[in-house]
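Order of the sequence lines sets the chain letters (A, B, ...), proteins ahead of strands, with each chain counted from 1. Predicted model only: the values in this text are computed from it and were never measured.
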Amino acid sequence: MSFSARLHANAIGWVLPVLVIAGWEAASRAGVMPANVLPAPSAVAEAFWRLTLSGELIRNIGVSTARALAGFAIGGAIGFALGLANGLSRLSRGLTDTTLQMIRNIPHLALIPLVILWFGIDEEAKLFLVALGVFFPIYVNTLLGIQSVDPHLVEMGRVYGMDRRALFFRVILPGALPAIFVGLRYALGIMWLTLIVAETISASSGLGYMAMQAREFLLIDVVVLSILIYALLGKLADSLARLLERLSLGWHPAFQN
Amino acid sequence: MPAASLTSVRSFVAAPAPARPAISVEGRRAFAFKGVEKRFGDKTVLDGIDLDVPAGQFVAVIGKSGCGKSTLLRLLAGLDRPTTGSLTLGAEEEGHSRTRFMFQEPRLLPWASVVKNVEVGLTGIAAGTDARRRALDILGEVGLADRADEWPSVLSGGQKQRVALARALVGHPQILALDEPLGALDALTRIEMQQLLERIWLAQKFTAVLVTHDVAEAVALADRVVVISGGRIALDLDVPVARPRRRGSAELARLEGTILDRLFG
């Protein structure tokens with residue numbers, strides 16, 4: 001696909017959001033939508049400008065993003081490492097998989113009361129919850145990816161004299177990569193979700209905290225603004241994951257067009 | 001180099017102690033099976049195979065499904081060990097890989113370009129620009145030099161199998177074991193591949209062991225046809241027909257008849 005064609009394909013995805021916002025603005029101006037239910041997009045834009053000037057918005061986005069990424073790095077790294085270990089070693093899988101599957105079935109947000117008791121409302125609480133949330137999609141899909149590598153290719157690698165290291169980097173890991181990316185994109189979604197909930201319930205900074213503060217003071221434009229920013233951040237994370245996917249899975253027929 | 005390292009014995013199993021039988025070093029021998037048996041549980045797949053193959057010979061192994069011909073090939077390639085008996089391999093020349101295996105399916109790495117797939121055949125032999133140059137050379141020989149940087153997924157079945165052939169040959173193996181590699185190709189592509197295989201074999205003079213269930217393919221390509229039935233060698237037939245051979249000639253047809261009679265007689 002040429003660059004301009006790709007630009008068009010991307011642009012078409014934004015037609016609907018733009019139309020919705022235009023309709024929403026029109027409805028607010030016509031008085032169909034009362035401002036204390038949903039403020040007009042222009043009012044939200046004003047709030048955006050106001051909070052940007054005061055520096056409050058940038059600071060809170062920064063705080064939330066740092067939490068999200070730190071939690072993601074911790075949970076993702078552990079999930080990836082355990083997924084690899086359990087995919088490659090029968091002993092490791094036998095030892096840990098049952099336990100992990102049991103823990104997986106507890107909704108991680110159900111741990112919030114316990115987490116608050118453990119960590120209070122400090123950073124650790126948010127990091128813990130995000131890390132726990134992203135751990136499982138990464139773990140499950142890494143394990144699945146390794147287990148679904150074509151055994152014929154592994155046998156071929158052995159016959160052609162690859163040692164364990166070469167076999168891993170040239171056959172097993174590339175074969176598992178499509179599944180790992182599925183896990184990555186799931187995990188990014190869960191990362192934001194967990195963070196929103198955690199920040200809404202207990203925080204003294206961040207986007208969720210900003211939204212809760214605004215609710216206290218009936219600043220509904222700021223509430224809507226934070227929700228929109230969550231949507232944009234989520235979309236940004238997903239686009240980054242897709243870009244990585246396209247760069248590293250160029251061989252895959254699904255990415256050749 | 002000491003004489004003992006010139007020869008390797010894959011296995012001589014009966015007792016846990018690795019007893020090594022007396023081996024004579026013969027430079028002109030590719031490999032020899034002596035009284036080889038292979039059992040999987042209660043099932044005896046190979047039952048006393050004796051087969052001595054001189055270096056450079058093209059041997060075709062024929063048999064019905066489940067007769068043990070693929071097991072024979074796996075023993076030769078070291079993918080399996082004989083239950084009893086021994087397998088002797090001939091002298092190893094420097095810079096050559098011992099035995100290469102060509103599978104029924106191409107088994108190319110989908111995430112590696114065509115040339116990188118061929119370089120897999122040089123694992124432990126060459127790396128870097130040297131490996132790439134050798135891989136490109138052999139790709140030229142199988143007629144795919146212009147496809148070197150493409151993904152395997154865009155190639156046709158016959159082209160993929162040609163890449164697999166290039167990967168098997170790039171390390172200049174002394175023995176090439178072929179497990180029905182042309183079975184899944186259409187009839188015309190198949191004949192093309194047979195001609196390619198024969199041409200490269202004539203040029204490189206490796207020992208070829210082709211497992212097939214196509215009798216016409218066997219007599220068209222091989223110097224010698226071995227028929228396996230019930231885990232034993234039922235027929236060991238020379239094919240004294242000059243090359244290039246003409247497919248469908250009376251001579252080949254007569255040999256084909258002899259083999260089919262033995263298979264179904």
Side-chain angles (χ1 to χ4, degrees), chain A residues 1-2 6 80 83-84 87-88 141-185 241-257, chain B residues 70 73-80 96-127 131 135 149-155 160-161 163-173 175-179 181 184:
Chain A
M1 218 185 328
S2 74
R6 190 173 293 157
F80 184 63
L84 288 184
L88 297 171
N141 286 287
T142 303
L143 179 59
L144 180 78
I146 288 187
Q147 286 177 330
S148 58
V149 171
D150 184 356
H152 279 160
L153 290 181
V154 177
E155 187 186 52
M156 184 282 295
R158 287 219 178 90
V159 170
Y160 278 86
M162 288 188 192
D163 54 24
R164 290 172 66 90
R165 192 186 144 82
L167 210 55
F168 176 74
F169 283 109
R170 296 176 71 180
V171 181
I172 295 172
L173 189 60
L177 217 49
I180 293 174
F181 270 111
V182 171
L184 179 75
R185 290 179 63 188
R242 273 170 174 267
L243 180 70
L244 276 179
E245 207 172 33
R246 251 209 319 277
L247 290 178
S248 52
L249 298 184
W251 56 271
H252 202 285
F255 293 91
Q256 291 162 7
N257 37 41
Chain B
S70 287
L73 210 58
R74 293 178 68 85
L75 293 179
L76 177 62
L79 294 176
D80 254 322
H96 288 233
S97 55
R98 168 88 267 160
T99 307
R100 281 297 185 227
F101 202 94
M102 211 176 146
F103 302 93
Q104 287 179 22
E105 324 80 32
R107 300 200 189 183
L108 304 178
L109 301 173
W111 43 83
S113 65
V114 166
V115 65
K116 285 282 173 201
N117 264 291
V118 176
E119 285 178 31
V120 167
L122 290 168
T123 306
I125 299 170
D149 293 312
E150 294 187 38
W151 300 119
S153 59
V154 302
L155 301 181
K160 283 180 192 167
Q161 212 46 303
V163 176
L165 180 64
R167 177 180 66 192
L169 293 175
V170 70
H172 291 284
I175 302 173
L176 178 62
L178 303 117
D179 188 6

>> Contact between A/Trp251 and B/Leu109 at the side-chain level, heavy atoms closer than 4.5 Å - yes or no?
In response: no
>> Counting only non-hydrogen atoms closer than 4.5 Å, does B/Phe101 touch chain A with its backbone (N, CA, C, O), its side chain (CB onward), both, or neither?
In response: both
> Counting only N and O atoms by type, is there a donor-acceptor contact under 3.5 Å from the side chain of B/Trp111 to the main-chain atoms of A/Leu177?
Replying inline: no
> Just by modelled atom types, is the A/His152 backbone N or O under 3.5 Å from a matching donor or acceptor in the B/Arg107 side chain?
Replying inline: yes
> Is chain A contacted by the side chain of B/Leu108, its backbone, both, or neither, given a heavy-atom distance below 4.5 Å?
Replying inline: backbone
> Where on B/Glu150 is there a heavy atom nearer than 4.5 Å to chain A: the side chain, the backbone, both, or neither?
Replying inline: neither
> Just by modelled atom types, is the A/Gly250 backbone N or O under 3.5 Å from a matching donor or acceptor in the B/Trp151 side chain?
Replying inline: yes
>> As an exercise: rank A/Gly157, A/Gly161, A/Ser248, A/Pro174 by heavy-atom pairs under 4.5 Å with chain B and give me the winner.
In response: A/Pro174
>> Can you tell whether the side chains of A/Glu155 and B/Arg74 come within less than 4.0 Å, N to carboxylate O?
In response: yes
> Do A/Leu153 and B/Pro110 come close enough that some side-chain heavy atom pair is under 4.5 Å?
Replying inline: yes
> Quick one: what part of A/Arg158 sits under 4.5 Å from any heavy atom of chain B, side chain, backbone, both or neither?
Replying inline: neither
> Do the side chains of B/Arg167 and A/Met156 get nearer than 4.5 Å, heavy atoms only?
Replying inline: yes
>> Using 0.5 Å steps for rounding, measure from the CZ atom of B/Arg100 to the OH atom of A/Tyr160.
In response: 6.0 Å
